[in-house]
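This structure is a prediction, so every number in the text was calculated from the model and none was measured. Letters A, B, ... are given to chains in the order of the sequence lines, protein chains preceding strands, and every chain is numbered from 1. Side chains are part of it too, since the values below use all heavy atoms of this structure and drop only hydrogens, waters and symmetry mates.
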There are 2 protein chains.
Amino acid sequence: MTTDSQADPEPTSMRERILDVALDLFIANGYDGTSLREIAEKLGVTKAALYYHFASKEDILMALHMRLHAVGRSALAQLADGKVTVSQWRTLLDAVLEEMLSQRKIFLLHERNQAVFEKLHREDHVAEHEDIQDRFRKILSDPAVPLRDRVRMAASVGAVFGTLFMFRDAFGKEDDDRVGRFMRSSLDDILGLRVAAPTKR
Amino acid sequence: MTTDSQADPEPTSMRERILDVALDLFIANGYDGTSLREIAEKLGVTKAALYYHFASKEDILMALHMRLHAVGRSALAQLADGKVTVSQWRTLLDAVLEEMLSQRKIFLLHERNQAVFEKLHREDHVAEHEDIQDRFRKILSDPAVPLRDRVRMAASVGAVFGTLFMFRDAFGKEDDDRVGRFMRSSLDDILGLRVAAPTKR
DNA sequence: GTCTATATTTCGATAGAC
DNA sequence: GTCTATCGAAATATAGAC
């Protein structure tokens with residue numbers, strides 16, 4: 001659990017090095033658009049070497065998929081069963097935000113290969129665990145929570161994705177801090193948590 | 001231009017029938033995860049028959065991609081060059097919203113096959129035209145517009161995607177109208193257009 | 001653990017009859 | 001316009017030496 005940070009300074013094991021390279025290529029060219037030969041070449045080894053570490057190409061994808069399952073686990077665990085309020089949602093989102101940024105590549109991987117992952121999830125009976133998107137979906141489906149709140153919760157997640165993933169390169173990288181602040185501020189507005197302070201024009 | 005509605009009641013040409021089937025399969029299993037054999041089988045013909053209507057598999061994808069280019073064209077054309085205000089953005093978004101819903105499958109296709117389309121866009125010198133995402137990105141990159149506004153514009157697009165695509169199945173289909181209203185309301189809040197008379201509150 | 005083959009499978013694409 | 005039959009390419013995966 002100590003070697004899977006986003007940018008391994010010097011990946012310990014060959015297994016981790018393979019995952020790092022595969023992650024980059026799967027993001028850039030897609031899972032199906034990436035061959036094992038490419039991965040091997042970038043590592044300076046041959047295709048066959050990869051099979052010592054992974055049983056199949058799908059196994060590599062699965063290993064990367066597992067990293068997503070860790071995201072938000074503790075934050076979600078603190079959530080008691082039952083109705084979720086917008087206030088709780090805001091807290092949850094804030095906690096998950098940090099993890100999303102530190103695992104940005106993993107989210108990019110999933111965002112850009114959605115169809116592949118859904119097929120994987122459908123065919124492999126493995127992956128009993130729910131990932132963060134499943135958990136979110138389940139919470140937002142709870143009819144006990146007012147529809148208005150659920151819509152705004154969904155919108156808030158979308159807002160995060162819009163600013164941090166879909167259009168992130170529209171903002172200068174040096175503005176990261178300000179972007180983060182502006183985004184959190186808009187989350188408050190979406191969820192109606194703004195404390196009646198007069199908006200400045 | 002008369003036959004490409006979202007759900008053709010009875011697709012006129014074989015060409016359209018192929019596109020309809022391919023669209024569904026590309027959404028469900030991904031472009032690379034779908035073989036021409038599958039498409040042909042679902043249509044009750046053979047692979048070879050497809051090649052009478054399309055020169056290649058990529059051509060089928062391209063034809064579907066073109067449908068995206070039509071979305072938001074008129075709305076975007078009305079936008080004068082130069083700085084875009086949040087108010088203009090809100091108007092734009094509202095106009096595009098209708099089209100997004102009527103072309104929902106096309107957006108799903110792109111959302112779920114991002115890596116494939118990027119590769120297509122990179123390799124094919126075709127597609128000189130910009131699609132709606134390119135246009136959005138360009139507007140949001142304009143440094144002449146205050147960063148705060150750009151972040152909120154990006155967040156608003158994300159909010160739309162969150163409610164209408166990412167988590168749409170979390171809401172009952174019978175609540176479509178209410179979801180739409182709640183979402184538009186939250187867009188006003190994100191963009192700070194809630195006219196909150198300055199005297200009150 | 002990594003290599004050099006090579007096996008196996010699948011798919012996109014083409015040729016030519018009807 | 002659709003068929004049968006087949007080609008060629010590329011990718012995953014395996015066998016066995018080192």
From CZ of B:Arg15 across to P of D:dT2 the rounded distance in Å is 14 Å

Nearest-nucleotide check on DNA chain D, A:Ala55 vs A:Glu38; residue mapping nearer the 5' end is A:Glu38

Between CD of A:Glu58 and P of D:dT12 the distance, given in whole Å, is 12 Å

>> Is the phosphate of D:dT2 approached by B:Tyr52 (side-chain N or O, under 4.0 Å from OP1 or OP2)?
In response: no

Is the side chain of A:Ser185 donor-acceptor paired with the backbone N or O of A:Arg181 at a distance under 3.5 Å, no angle test? no

Smallest heavy-atom separation, A:Asp134 atom then A:His121 atom, equals OD2-NE2, 4.1 Å

| message | I'd like to know whether B:Phe165 forms a side chain to side chain contact (heavy atoms under 4.5 Å, CB included) with B:Arg112, so could you lay out the CA-CA distance, the side-chain angles of the two residues, the decisive distance to 0.1 Å, and finally the verdict. | response | CA-CA 11 Å; B:Phe165 293 91; B:Arg112 297 166 63 83; over 6 Å; no

Check: If only side-chain N and O atoms of A:Thr46 are considered, is one of them under 4.0 Å from the OP1 or OP2 phosphate oxygen of C:dT2?
Finding: no

| message | Donor-acceptor pair, distance only, cut-off 3.5 Å: does the side chain of B:Asp175 make one with the backbone of A:Leu147? | response | no

Against the side chain of A:Ala49, the closest entry in C:dT2, D:dT6, D:dT2 is C:dT2

Comparing nearest nucleotides in DNA chain C, the 5'-proximal residue of the pair A:His53, A:Lys47 is A:His53

When rounded to whole Å, the OH to P distance for the pair A:Tyr51 and C:dA5 reads 19 Å

Taking D:dT4, C:dT2, C:dA13 as options, the one with an atom nearest any side-chain atom of B:Ala48 is D:dT4

In terms of relative ring orientation, are B:Phe117 and B:His65 parallel, tilted or perpendicular, with 30° and 60° separating the classes?
tilted

Checking C:dT2, D:dT2, C:dA13 against the side chain of A:Met14 (C-beta onward), the nearest is C:dT2

Atom CD1 of B:Ile39 and atom P of C:dA13 are separated, to the nearest Å, by 11 Å

B:Leu50 atom CG is separated from C:dA15 atom P, nearest whole Å, by 17 Å

note: B:Leu36, atom CG; D:dC7, atom P; distance rounded to Å ~ 19 Å

When rounded to whole Å, the CG to C1' distance for the pair B:Asn29 and C:dC11 reads 15 Å

Whole-Å distance, B:Lys57 NZ to D:dA10 P, equals 16 Å

